[in-house]
Amino acid sequence: MPHHNRLPAAYLIDGVSHPVVAMDIDPSWPPLARAKGFDLVARVTDRYRCVLRCHDCGATAVVRINVMRDHQPLCHHCIRRRRIAAAKRLGADLIAADATHRHYGHFRLTCGHVVRRQYLRVEKAAAGGHGIDCEARREQRYSTEAHGFGWTLD
């Protein structure tokens, strides 16, 4: 597919400018991208990257062409939206991603405490698998449950 002059000089994605690269797009790539839930918009930055637009949310992302071609690209906007929705179902707020580990986020719970939890655990809790709470509330719950058996926690 030939490069079109109607493309902008660059795409601004998540606050970063990615210059369009004037290179042809392989004709097999757009149908591959569509089959994986994306539209291939343009080649950017260098010969190895492209812009994909998510069919679900319409957000754009820069993805390596080999990832688009050989794997299933992920829409990080959809993932974040799913994580926020899971937290809301628990009455919590996702306030930040964890800077040290990509599988963890920081959540403000209904009690007002901020906890660091795995996204997967929060999503499972929201689906009814279990609950999430802060350490102080968990100790209260353990104490109450123990009291029901006539026990005390030391």
Side-chain angles (χ1 to χ4, degrees), residues 1-138 140-141:
M1 175 184 282
H3 172 73
H4 296 286
N5 291 334
R6 292 174 296 188
L7 293 174
Y11 283 88
L12 187 63
I13 299 172
D14 295 331
V16 178
S17 181
H18 299 275
V20 170
V21 175
M23 293 180 72
D24 288 345
I25 292 175
D26 184 299
S28 67
W29 296 347
L32 269 173
R34 275 192 299 279
K36 295 177 181 193
F38 296 89
D39 290 322
L40 187 116
V41 177
R43 290 179 83 162
V44 293
T45 308
D46 56 33
R47 66 189 190 120
Y48 301 110
R49 290 173 177 72
C50 64
V51 173
L52 295 180
R53 182 178 302 112
C54 177
H55 288 172
D56 290 335
C57 72
T60 54
V62 175
V63 177
R64 289 183 60 93
I65 290 171
N66 71 309
V67 170
M68 183 277 304
R69 191 185 62 224
D70 303 333
H71 306 284
Q72 174 60 54
L74 301 174
C75 176
H76 296 284
H77 295 91
C78 286
I79 291 169
R80 181 164 174 74
R81 192 174 66 213
R82 184 185 75 219
R83 290 171 175 169
I84 289 170
K88 289 286 184 207
R89 285 194 301 276
L90 296 170
D93 292 311
L94 173 60
I95 57 174
D98 187 79
T100 60
H101 200 289
R102 67 186 180 101
H103 295 290
Y104 285 79
H106 296 273
F107 298 86
R108 185 178 322 283
L109 303 179
T110 54
C111 62
H113 291 112
V114 175
V115 296
R116 178 181 178 260
R117 296 288 184 266
Q118 288 181 343
Y119 294 120
L120 182 63
R121 301 279 298 161
V122 172
E123 289 181 36
K124 284 186 177 185
H130 56 83
I132 63 168
D133 50 18
C134 67
E135 287 72 18
R137 302 297 177 251
R138 184 173 34 231
Q140 282 180 333
R141 183 169 42 89

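What you see is a predicted model; the values in this text were computed from it and never measured.
For Ile95, the side-chain contact (heavy atoms from CB on, under 4.5 Å) partners at least two apart in sequence or on another chain are Asp93, His106, Arg108, Val114. Ala59 pairs by the side-chain contact (heavy atoms from CB on, under 4.5 Å) definition with Cys57, His77, not counting sequence neighbours. With sequence neighbours left out, Arg102 forms a side-chain contact (heavy atoms from CB on, under 4.5 Å) with no residue at all. Take Arg141 and apply the side-chain contact (heavy atoms from CB on, under 4.5 Å) test, not counting sequence neighbours, and it matches Asp133, Arg138, Glu145.
Under the 3.5 Å distance criterion, the side-chain polar atoms of Tyr119 are matched with a main-chain donor or acceptor of Tyr104. When atom types are taken as modelled, the side chain of Lys36 and the backbone of Pro73 share no donor-acceptor pair closer than 3.5 angstrom.
Contacts classified as ring-ring contact (aromatic ring centres under 6.0 Å, His included) and involving residues 37-71 (residues at least two apart or in different chains) are not found. The salt bridge (Lys or Arg N to Asp or Glu O under 4.0 Å) pairs that include a residue from residues 58-84 are Arg82-Glu123, where partners are two or more places apart or lie in different chains.
Summarising the geometry of Ala92 relative to Leu109, their closest heavy-atom pair is CB-CD2, 4.0 Å, with the distance given to 0.1 Å. Minimum interatomic distance between Ile13 and Ala61 (heavy atoms only, all atoms of both residues): CG2-CA, 4.1 Å. What you find for Gly58 and Arg53 is that their closest heavy atoms are O-CG, 3.5 Å. Pairing each heavy atom of Ala125 with each of Ile132, the nearest pair is CB-CG2, 3.9 Å. Closest non-hydrogen pair, Leu40 versus Ala33, comes out as N-CB, 4.0 Å. Considering all non-hydrogen atoms of both residues, Ser17 and Ala10 come closest at OG-CB, 3.5 Å.
Between atom CD1 of residue Ile84 and atom NZ of residue Lys88 there is a gap of 8.0 Å, rounded to the nearest 0.5 Å. To the nearest 0.5 Å, the span separating CG on Leu52 from OG1 on Thr60 amounts to 9.5 Å. Once rounded to the nearest 0.5 Å, the distance linking CD1 of Ile65 with CE of Met23 reads 7.5 Å. The CZ atom of Arg117 lies 8.0 Å from the SG atom of Cys134; values are rounded to the nearest 0.5 Å.
Taking the side chain as every heavy atom from C-beta outward, His101 and Gln118 never approach each other to under 4.5 Å. At a threshold of 4.5 Å between non-hydrogen side-chain atoms, the residues Val51 and His18 do not count as touching.
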Run the side chain to side chain contact (heavy atoms under 4.5 Å, CB included) test on Val20 and Arg43 for me, step by step, so that the C-alpha distance in whole Å, both residues' side-chain angles and the decisive distance to 0.1 Å come before the verdict. CA-CA 6 Å; Val20 170; Arg43 290 179 83 162; over 6 Å; no
Side chain to side chain contact (heavy atoms under 4.5 Å, CB included) evaluation trace for Thr100 with Asp98: CA-CA 6 Å; Thr100 60; Asp98 187 79; 2.5 Å; yes
Apply side chain to side chain contact (heavy atoms under 4.5 Å, CB included) to Tyr11 and Val62, showing your working. CA-CA 9 Å; Tyr11 283 88; Val62 175; over 6 Å; no
